[in-house]
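Here's the structure we're looking at; comments come further down.
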Amino acid sequence: MPLDQLHQTLHRILPDAQLQPTALPGLPELRLWLLDPANLDRAFASEETRRLLEQPPYWGFCWGSGLALARWVLDHPERVRGKRVVDFGSGSGIVALACSAAGAQLSIACDLDQPARLAGALNAELNGLPLTLADDYFSVTGELDLIFAADVLYDRDNHGFLEHFRQRAAEVLVADSRVRDLQHPGYRKLATLAGQTWPDLGEPVEFRQVALYQATA
C-alpha cells in the first residue's frame, strides 16, 4: 500500500513518526497526510537529527509558501480554470491540488523525490481530486499555461529555472517566504500573502509573510 511505503520511508528517518490526515489552517477545502505534531514536540537524538538534516521528509509538511499559494489559487479560481498547470518542486502537492480543485484542465505535481510523488498521490486520493505526477520538469510534454513554484528559491541552483519558466509558460507564479526582493528580469512582486508551515515549526513571524512574484512570457 502507498501509505505503508511512505511510512517505511519516514521510519528510516524518524522511527516513531506517523502521518495522519490533517486539516490545514486557513485552507479548509483541502487536507493532507502530514507528520503527527506530537512526534515533533520532543528532543531528537543526535542520530535522528543527522538523518533529518540529510533526508528531510519535507513532503510530510505543508510549507508556508505552498499553503499561501494554494489559498491564493482557491481565492482566484479563474486564474487556473481550464488551464494546463505545473507545480514545480511540489512536495506534498498542495498547490497542484488547489489548482485541480479550482478547475484546472490538467494539474501536474512535479518533484524529483519519489516519496514526494507518493505523498502527492496519497493526498490526491484523500481529497478525491485528479492529479498527474511527474518526476522531471523537462519530461513534461505539451503546452503549459501556468507554472507555479513555492519555496524553491532557497536552492540557488533553482534560480536557473526562472528564465526557463518564462519561456515555457504564458504565466509564472513564484511564492517564497525567504526571498523578499527577487531581482530577476521579467519578474515583479504581485502580492504579499500570509502563510505558515504546518505542522507548526515555530518559524519566526517574518517567515509567515510570503512574497508572490509573477512573470509573463
Side-chain angles (χ1 to χ4, degrees), residues 24-30 32 34 56 58-81 83-102 104 107-113 116 120 123 137 144-217:
L24 302 169
L27 196 70
E29 298 92 335
L30 299 171
L32 297 177
L34 299 180
Y58 62 90
W59 37 265
F61 292 87
C62 184
W63 298 95
S65 295
L67 184 67
L69 187 52
R71 179 70 271 162
W72 186 91
V73 167
L74 292 176
D75 287 342
H76 302 86
E78 72 283 356
R79 301 292 289 264
V80 300
R81 188 179 298 124
K83 295 183 178 181
R84 294 170 54 91
V85 307
V86 164
D87 176 13
F88 175 85
S90 55
S92 67
I94 185 63
V95 176
L97 290 169
C99 291
S100 183
S107 185
I108 302 170
C110 180
D111 203 296
L112 289 170
D113 192 23
N123 290 327
Y137 166 75
L144 296 176
D145 299 300
L146 225 166
I147 295 174
F148 292 94
D151 271 335
V152 302
L153 298 180
Y154 71 91
D155 186 344
R156 292 294 305 180
D157 290 343
N158 286 336
H159 287 229
F161 284 96
L162 292 173
E163 185 58 34
H164 195 281
F165 290 161
R166 291 183 62 217
Q167 297 173 15
R168 182 75 195 277
E171 185 178 14
V172 184
L173 289 167
V174 177
D176 204 281
S177 61
R178 287 165 170 76
V179 177
R180 304 292 180 192
D181 186 24
L182 178 64
Q183 298 293 318
H184 193 92
Y187 284 81
R188 67 181 183 92
K189 192 171 184 178
L190 184 64
T192 299
L193 311 175
Q196 69 178 104
T197 297
W198 203 255
D200 189 359
L201 293 175
E203 293 175 306
V205 173
E206 60 265 29
F207 291 152
R208 299 189 181 197
Q209 298 297 307
V210 178
L212 179 63
Y213 302 99
Q214 179 195 42
T216 54

Beyond-backbone contact of [X] with [Y], side-chain heavy atoms, under 4.5 angstrom:
X: Arg81; Y: His76; answer: no
X: Leu182; Y: Lys189; answer: no
X: Phe165; Y: Leu144; answer: no
X: Leu30; Y: Ile94; answer: yes
X: Leu212; Y: Leu173; answer: yes
X: Leu34; Y: Pro199; answer: yes
X: Val85; Y: Ile108; answer: no

Look up atom [atom1] in [X] and atom [atom2] in [Y], then write down how far apart they are to the nearest 0.5 Å.
X: Leu162; Y: Gln167; atom1: CG; atom2: CD; result: 11.5 Å
X: Cys99; Y: Lys83; atom1: SG; atom2: NZ; result: 10.5 Å
X: Asn123; Y: Leu32; atom1: CG; atom2: CG; result: 4.5 Å
X: Cys62; Y: Gln196; atom1: SG; atom2: CD; result: 9.5 Å
X: Leu146; Y: Gln214; atom1: CG; atom2: CD; result: 9.0 Å
X: Asp151; Y: Ser177; atom1: CG; atom2: OG; result: 4.5 Å

Exercise. Step by step, would you call Asp145 with Glu171 a side-chain contact (heavy atoms from CB on, under 4.5 Å)?
Worked result: CA-CA 6 Å; Asp145 299 300; Glu171 185 178 14; over 6 Å; no
Checklist entry - What about the rings of Phe88 and Phe148, do their centers lie closer together than 6.0 Å? => result no
- Message: Centroid separation under 6.0 Å, is that true for the rings of His164 and Tyr137?
- Response: yes
The complete set of salt bridge (Lys or Arg N to Asp or Glu O under 4.0 Å) pairs with one or both residues in residues 154-164, sequence neighbours excluded, reads Glu163-Arg166
In short, salt bridge (Lys or Arg N to Asp or Glu O under 4.0 Å) pairs touching residues 175-185 with sequence neighbours left out are Arg178-Glu203
Minimal non-hydrogen separation, [X] against [Y], with atom names:
X: Ala194; Y: Ala68; result: O-CB, 3.5 Å
X: Leu69; Y: Ala149; result: CD2-O, 4.3 Å
X: Ser92; Y: Leu97; result: O-CD1, 4.5 Å
X: Asp111; Y: Asp113; result: OD1-N, 2.9 Å
X: Ala96; Y: Ser107; result: O-OG, 2.6 Å

Donor-acceptor pair, [X] side chain versus [Y] backbone, under 3.5 Å?
X: Trp63; Y: Ala150; result: no
X: Thr192; Y: Val210; result: no
X: Thr197; Y: Gly64; result: yes

Subject >> Tyr187 and Val172: CA distance, side-chain angles, deciding distance, side-chain contact (heavy atoms from CB on, under 4.5 Å) verdict >> reply: CA-CA 9 Å; Tyr187 284 81; Val172 184; 3.6 Å; yes
(Q) I'd like to know whether Leu201 forms a side-chain contact (heavy atoms from CB on, under 4.5 Å) with Phe61, so could you lay out the CA-CA distance, the side-chain angles of the two residues, the decisive distance to 0.1 Å, and finally the verdict. (A) CA-CA 10 Å; Leu201 293 175; Phe61 292 87; 3.6 Å; yes
Which of Val95, Leu74, Val73 passes side chain to side chain contact (heavy atoms under 4.5 Å, CB included) with Val80? Answer is Val73
If you measure from the Lys or Arg side-chain nitrogens to the Asp or Glu carboxylate oxygens, is any gap between Asp200 and Arg208 under 4.0 Å? yes
